[in-house]
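Following: one structure in structure tokens, then a few remarks.
Since this is a predicted model, take the numbers as computed values, not measurements.
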Amino acid sequence: MAATHTLAGLLLVRLRERIESHDRARTLRHHPPLRKPARTGPVITSLLVFAVGLGLTLRAATGNGWLRDTLTPGGVGR
């Protein structure tokens, strides 16, 4: 049953991607000003996600954060 649901989900995702790519190509063909943002948007989003992840990793590695302050005696949570 889990395999059937997984397969159905994968097929639906694939169908959605095909519909979106067709719609996106048609929209970009009719609206040239949208071409550059459509190409750079995913890259900028992934860079922001990477930067936030890196920042959180560095913050955790250095020991700075609200959890440390909350759990220490006399910390924020008291």
Practice problem: Indicate if F50 and L58 have the same hydrophobic cluster label, given that clusters are the connected sets of ILVMFWY residues with side-chain heavy-atom separations under 4.5 angstrom. | Solution: yes

Quiz prompt | Gap between atom CG of L47 and atom OG1 of T40 - 0.5 Å precision | solution = 10.5 Å

Quiz item: Side chains of V52 and L48: closer than 4.5 Å at any heavy-atom pair?
Solution: no

Quiz item: Name the one of V13, L7, L15 that satisfies side-chain contact (heavy atoms from CB on, under 4.5 Å) with L11?
Solution: L7

